[in-house]
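Below is one structure, written out as structure tokens; comments come after it.
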Amino acid sequence: MKTTQTPAPVPAESGAPVTKEDAPPGPPPKPKKEGTVLNVFSHGVLVIWAFMVVMPLLWAVMTSFKDDRSIFSSPWSLPDTLHFDNWSRAWTEANMSDYFLNTVLVVGGSLVGTLVLGSMAAYVLARFDFPGNRFIYFLFIGGMSFPIMLALVPLFYVVNNMGLLNTIHGLILVYIAYSLPFTVFFLTAFFRTLPTSIAEAAFVDGASHSRTFFQIMLPMAKPGLISVGIFNFLGQWNQYMLPTVLNTDPDKRVLTQGLVQLAVSQGYKGDWSGLFAGLVMAMLPVLAAYIVFQRQVVQGLTAGALK
């Protein structure tokens, strides 16, 4: 059986040029270390920031299961026993259940109205050219820079003259008007990134403008709707100034008003455990909404840049 032997490489003649194939392989290139210091610094800042954000939340949850004596004697230690009666006491005796229900009604109604009206206005401003288009668009942007404190007094009289003072639906309308400028600004930029060929194909097939919007363009804008919905939910859930001025009925207080009332009343009684339990109750829906829709929020924020 014959074996094939590979011929030994013939050295290049003196004076002949040496090609890359003839030259022996050099040492492997060293990995670049550019940006290593910056990455370590940025990650360190993120870790410190995460610690500063997470620790107060964990401490509030931990304190809500302690008794009043343990809160002051060992504030940083874990509770010896879990006092679930703090939550039941805050839910029933402090009327947190009523405040929670009122907040759900107000925020739910205003969030739906804001998304529907804001998406319709943003779609028209982004897709149609008509006289006054840019003027209306800049009016919405100007509404974002207008301080709400300057409008509290005239807003109070307007709502009072309309017979909507101390009502749930009156507060819903004010929340919608308060959230529309940012919603229109956000969704207008998002609708401009969507392809126009699909809408044009729908028009060719005989679809009306309303059908094209609700059945084609609005489902395509789902990431943007979820993102702006989360931002509006956070702002409306934590709103305190507007309900304090426009909602003075004790039976129709929202959660932020109830927490302030609980802090004042429980502060004199020394029921700090019930106060922390009510605080965590108000905090949990916001955390749950962000955890559930975290991926959609990131997709909505980066969709315009990726397209």
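In what follows, every heavy atom counts, from backbone to side chain, and hydrogens, waters and symmetry copies are set aside. Because the structure is a prediction, the values reported are computed rather than measured.
By the 30° and 60° cut-offs, the orientation of the rings of Trp59 relative to Trp76 is tilted. The aromatic rings of Phe186 and Phe190 lie parallel to each other, their planes meeting at an angle below 30°, with 60° marking the opposite boundary. Below 30°, between 30° and 60°, or above 60°: for Phe84 and Phe65 the angle between ring planes is above 60°, a perpendicular geometry.
For the pair Asp249 and Asn166, the tightest heavy-atom approach, listed with the atom from each and the gap, is N-OD1, 3.5 Å.
Leu58 and Leu82 sit in two unconnected hydrophobic clusters of ILVMFWY residues. Membership requires side-chain heavy atoms under 4.5 Å apart, directly or through other members. No continuous path of hydrophobic side-chain contacts links Val40 to Ile48 [ILVMFWY only; heavy atoms under 4.5 Å].
Seen from the ring of Tyr137, Arg192 counts as a face-on cation partner, given the 6.0 Å and 45° thresholds.
Side chains of Ser70 and Asp67: a donor-acceptor N/O pair is present below 3.5 angstrom, by distance only. For the residue pair Arg253 / Thr103, no side-chain donor-acceptor distance below 3.5 Å is found, with atom types taken as modelled. Side-chain contact of Ser64 with Asn86: a donor-acceptor pair under 3.5 Å is absent, judged by distance alone. Side-chain contact annotation: Thr256 with Gln239, donor-acceptor N/O pair under 3.5 Å absent.
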Go through the steps for Val286 and Leu234 under the test side-chain contact (heavy atoms from CB on, under 4.5 Å), then give the verdict. CA-CA 7 Å; Val286 178; Leu234 296 178; 2.9 Å; yes
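Across Val53, Leu46, Val47, a single residue satisfies side chain to side chain contact (heavy atoms under 4.5 Å, CB included) together with Trp49, and that is Val53.
Counting non-hydrogen atoms of neighbouring residues, nucleotides and ligands closer than 6.0 angstrom, the CZ atom of Phe51 reaches no more than 12 such neighbours.
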